[in-house]
There are 2 protein chains.
Amino acid sequence: MTARRADPPAPQAIPVIDRTVHEPARMAILSVLDAVEDADFTFLETMLGLSKGNLSTHLTRLEEAGLITVTKSFRGRRPLTTAAITDRGRTARTEHWEQLERLRDLMA
Amino acid sequence: MTARRADPPAPQAIPVIDRTVHEPARMAILSVLDAVEDADFTFLETMLGLSKGNLSTHLTRLEEAGLITVTKSFRGRRPLTTAAITDRGRTARTEHWEQLERLRDLMA
DNA sequence: GGCGTATGGTTTGTATTGCAAACCTATTTG
DNA sequence: CAAATAGGTTTGCAATACAAACCATACGCC
């Protein structure tokens, strides 16, 4: 079948994808945080193989979106940054996957 | 469980995501083309709700990546641009989904 | 025929942003 | 005390998604 002109009336266009969640590094961060209750900066850095700078900006972006919380404290005398997923983060993640599958099955 | 320092040795880091496929508009284009054998420019434009300019650049990018072929001809006296997915495009798409699921199940 | 509009795109300009290098502060080690 | 290490943040840059502007041809119609 060849798709020709004006066949469909463009009802809903592309399923809307949340760009904040869609970025692979951030998907990975959310995956981890959805599994571990909370994780500190160094853990995410080594686990995901992200540079510090990169991780830092991703975390603040996720925090600004309300998808995670970032807590700063001290481990001994050293700074310690810990991240945890929020409820909004969890729902955003599941909704993102729903949209992805909708995208995959566009014409199915 | 709180994820602490140096727990894992960062074996594989983030599953590598093909950015060319990962872009939502292009995922949508590939979804359609995977279903219809071929589709012409106007069809994709209205079906996906993309602007002409946007669609045009996405198509050339997919073509340069070898994921689709773009054929220019005429319908009557009017220009006609038609796109079709390639084998590489199909496998890229399935591999992309495998990587996505791997990303989702990072700690599962 | 002439002229405005529609069709089918491509090219250009711009704002966003992913990424690491550079930087910063404090701490530990030699 | 000097140098290295830890734990991050800020800066600079290159890539890029997107639409506006543009371009060429075709059609409607007077």
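Letters A, B, ... mirror the listed sequences (proteins, then strands); counts begin at 1. The shown structure was predicted, so the numbers you read here are calculated from the model rather than taken from an experiment.
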With sequence neighbours excluded, tell me which residues meet side chain to side chain donor-acceptor pair (under 3.5 Å) with [X].
| X | result |
| --- | --- |
| B:Arg77 | none |
| A:Ser56 | none |
| A:Arg102 | A:Gln99 |
| B:Arg90 | B:Asp34 |

[X] [atom1] - [N] [atom2] separation (whole Å):
| X | N | atom1 | atom2 | answer |
| --- | --- | --- | --- | --- |
| B:Ile14 | C:dC19 | CD1 | C1' | 12 Å |
| B:Leu55 | C:dG9 | CG | C1' | 9 Å |
| B:Glu45 | C:dT7 | CD | P | 10 Å |
| B:Phe41 | C:dG9 | CZ | C1' | 6 Å |
| A:Arg77 | C:dT27 | CZ | P | 5 Å |
| A:Leu50 | C:dA20 | CG | C1' | 12 Å |
| A:Leu48 | C:dG18 | CG | P | 16 Å |

* To do: With rounding to the nearest 0.5 Å, note down the distance linking CG in B:Leu59 to CZ in B:Arg26.
  => 10.5 Å
Does [N] have its OP1 or OP2 closer than 4.0 Å to a side-chain nitrogen or oxygen of [X]?
| X | N | value |
| --- | --- | --- |
| B:His58 | D:dC18 | yes |
| B:Thr81 | C:dG9 | yes |
| A:Ser56 | D:dT9 | yes |
| B:Arg61 | D:dT16 | yes |
| B:Thr42 | C:dG8 | yes |

* Asked: By a strict heavy-atom criterion of less than 4.0 Å, which residues belonging to residues 62-72 of chain A are in contact with DNA chain C?
  -> none
Protein-nucleotides 20-23 of chain D N/O pairs closer than 3.5 Å?
none

* Structure fact -> Side-chain atoms of A:Arg78 come closest, of C:dG8, C:dT27, C:dG18, to C:dT27
* Asked: Considering only side-chain heavy atoms of A:Arg19, which listed nucleotide, D:dC18, C:dT17, C:dG8, is closest?
  -> D:dC18
* **Test item: B:Arg104 and A:Met27 side chains (from C-beta on) under 4.5 Å apart, heavy atoms** => no
* Residues forming a side-chain contact (heavy atoms from CB on, under 4.5 Å) with B:Thr81, sequence neighbours excluded -> B:Phe41, B:Val70, B:Lys72
* Asked: Among all residues two or more places apart in sequence or in another chain, which pass the side-chain contact (heavy atoms from CB on, under 4.5 Å) test with B:Ser31?
  -> A:Leu106, B:Arg93
* Contacts to DNA chain D from residues 20-31 of chain B, heavy-atom cutoff under 4.0 Å, which residues? -> B:Glu23, B:Arg26
* To do: Would you please name every residue forming a ring-ring contact (aromatic ring centres under 6.0 Å, His included) with B:His22, sequence neighbours left out?
  => A:His22, B:His96
* Side-chain donor/acceptor of A:Thr86 to backbone N/O of A:Leu67, under 3.5 Å -> yes
* Applying ring pair (Phe, Tyr, Trp, His ring centres under 6.0 Å), which residue pairs with at least one partner in residues 55-87 of chain B are found, sequence neighbours left out? -> none
* **Residue pairs involving residues 61-71 of chain B (criterion side-chain hydrogen bond (donor to acceptor under 3.5 Å, both in side chains); sequence neighbours excluded)** => B:Thr20-B:Arg61
